[in-house]
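Here is the structure we will look at.
We name chains A, B, ... by the order of the sequence lines, and we start the count at 1 in each one. Every heavy atom of this structure was used, including side-chain atoms; hydrogens, water molecules and symmetry mates were not.
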There are 2 protein chains.
Amino acid sequence: MRQFRHPPISDIQLESVLYALSDPVRLSIVRQLAREGEATCAALDGGRPKSSMSHHFRVLRECGIVKTRNDGTSHMNELRRADLDSAFPGLLAAVLAAPN
Amino acid sequence: MRQFRHPPISDIQLESVLYALSDPVRLSIVRQLAREGEATCAALDGGRPKSSMSHHFRVLRECGIVKTRNDGTSHMNELRRADLDSAFPGLLAAVLAAPN
DNA sequence: GCTATTGTTCGAATATTATCGAACTATAAA
DNA sequence: TTTATAGTTCGATAATATTCGAACAATAGC
């Protein structure tokens with residue numbers, strides 16, 4: 001069983017979150033997770049190589065935006081909405097409300 | 001008289017704004033402008049070289065966060081609060097509300 | 001015109017990041 | 001045990017950014 005690093009709320013850094021969200025691929029991952037609740041990596045790859053997606057999911061995970069759990073051979077991802085709202089109230093909502 | 005590029009509201013991109021704000025130097029510039037209303041470049045340099053600051057102000061300007069106007073030999077900078085609020089309601093407020 | 005002040009631009013060095021193939025790991029199922 | 005599936009990790013390359021000194025530009029004041 002693989003272990004992932006998920007920072008506690010107190011370690012979530014605004015700069016890291018903003019940086020993670022500033023990439024178009026990652027932003028679109030976050031938007032889809034917001035719409036669909038949760039998803040595997042493969043479901044969101046949009047034809048990109050697995051290693052690229054793995055990189056982006058790692059960035060999202062290590063800055064505290066996404067929580068990944070094992071589910072058989074696949075990894076299920078979901079937004080850490082409550083944690084993000086607690087750390088930076090209104091930030092995720094503002095980002096998700098923006099067009100596109 | 002120097003001319004600066006300031007994108008119209010419709011050209012302000014979420015990704016660019018998030019990226020600009022993800023840098024600690026630029027974020028601290030934005031925080032100070034939010035507190036003090038406006039400031040020259042020199043007033044916010046914190047001991048850094050002028051060329052470095054000029055770079056950061058350019059990033060902030062070209063993504064639509066800051067408006068720069070000439071004022072004698074100095075350049076006065078202010079946040080484009082209304083424009084940002086119009087493009088991404090609540091985003092700037094959420095960023096500024098975050099600790100530090 | 002000369003000088004000081006403010007900031008920009010240029011250029012180069014350094015650092016960081018994104019991308020992606022290949023090899024690897026872990027689980028499930030036959 | 002063998003095979004398939006889902007992601008991760010590694011390593012290399014290319015693209016982007018940051019940093020900062022030096023040269024330059026624009027304005028103000030003498």
Side-chain angles (χ1 to χ4, degrees), chain A residues 1-7 13-30 32-33 36 38-79, chain B residues 1-7 13-30 32-33 36 38-79:
Chain A
M1 176 86 101
R2 243 170 260 262
Q3 286 293 30
F4 297 110
R5 266 187 299 161
H6 292 105
Q13 304 266 45
L14 178 61
E15 288 92 333
S16 309
V17 169
L18 295 175
Y19 179 77
L21 294 173
S22 74
D23 180 271
V25 176
R26 291 191 292 263
L27 186 54
S28 106
I29 291 174
V30 168
Q32 286 205 50
L33 290 178
E36 301 168 15
E38 58 178 21
T40 62
C41 301
L44 303 181
D45 67 6
R48 273 169 241 277
K50 296 191 294 179
S51 53
S52 296
M53 294 310 289
S54 191
H55 163 71
H56 288 304
F57 274 103
R58 172 136 83 126
V59 173
L60 289 170
R61 204 159 47 224
E62 296 190 345
C63 77
I65 294 178
V66 156
K67 173 144 182 257
T68 306
R69 68 170 195 279
N70 290 91
D71 179 25
T73 62
S74 60
H75 295 168
M76 197 57 83
N77 302 281
E78 61 183 329
L79 290 182
Chain B
M1 179 87 102
R2 243 168 261 262
Q3 286 294 29
F4 298 110
R5 266 187 301 162
H6 293 104
Q13 305 266 42
L14 179 61
E15 288 92 333
S16 309
V17 168
L18 295 174
Y19 180 77
L21 293 174
S22 75
D23 179 271
V25 176
R26 291 191 292 261
L27 186 55
S28 106
I29 290 175
V30 168
Q32 286 207 47
L33 289 179
E36 301 168 15
E38 58 178 18
T40 62
C41 302
L44 303 181
D45 67 6
R48 273 169 243 278
K50 297 190 292 177
S51 53
S52 297
M53 294 309 289
S54 191
H55 163 73
H56 288 303
F57 274 104
R58 173 137 83 125
V59 173
L60 289 171
R61 205 160 44 225
E62 295 189 346
C63 77
I65 294 179
V66 156
K67 173 144 181 261
T68 306
R69 68 170 196 282
N70 289 92
D71 179 25
T73 61
S74 62
H75 295 169
M76 197 58 83
N77 302 281
E78 61 183 328
L79 290 182

Rounded to whole angstrom units, what separation is found between the [atom1] atom of [X] and the [atom2] atom of [N]?
X	N	atom1	atom2	value
F4(A)	dT8(D)	CZ	C1'	8 Å
D71(B)	dT27(D)	CG	P	12 Å
N70(A)	dT8(D)	CG	P	9 Å
F57(A)	dT9(D)	CZ	P	14 Å
H75(B)	dA28(D)	NE2	P	11 Å
L44(A)	dA6(D)	CG	P	14 Å
M76(B)	dT5(C)	CE	C1'	14 Å
L60(B)	dG7(C)	CG	P	15 Å

Is [X] touching bases, backbone alone, or none of the nucleic acid, heavy atoms closer than 4.0 Å?
X	answer
S54(A)	base
S74(B)	sugar-phosphate
H56(B)	sugar-phosphate

- Task: Starting from the C-alpha separation in whole Å, work towards a yes-or-no answer on side chain to side chain contact (heavy atoms under 4.5 Å, CB included) for L33(A) and E78(A).
- Result: CA-CA 6 Å; L33(A) 290 178; E78(A) 61 183 329; 5.8 Å; no
- Given the side-chain rings of H75(A) and F4(A), with only the six-membered ring counted for Trp, is the space between their centroids under 6.0 Å? yes
- Item | Shortest non-hydrogen separation from L79(B) to V66(B) and the atoms involved | CD2-CG2, 4.1 Å
- When you match G72(A) and D23(A) each to their closest nucleotide on DNA chain C, which lands nearer the 5' end? D23(A)
- Item | Earlier contact from the 5' end, DNA chain C, for K50(A) and V25(A) | V25(A)
If you compare every side-chain N and O of [X] against the phosphate oxygens of [N] (OP1, OP2), does one of them come in below 4.0 Å?
X	N	value
T73(A)	dA28(C)	no
H55(A)	dT8(D)	no
R58(A)	dG7(D)	no
S51(A)	dG21(C)	no
Y19(A)	dA17(D)	no
R48(A)	dG21(C)	no

- Note on the structure: Output for pair (T68(B) OG1, H6(B) NE2), nearest 0.5 Å, gives 4.5 Å
- Stepwise, does the side chain to side chain contact (heavy atoms under 4.5 Å, CB included) test hold for H56(B) with R61(B)? CA-CA 9 Å; H56(B) 288 303; R61(B) 205 160 44 225; over 6 Å; no
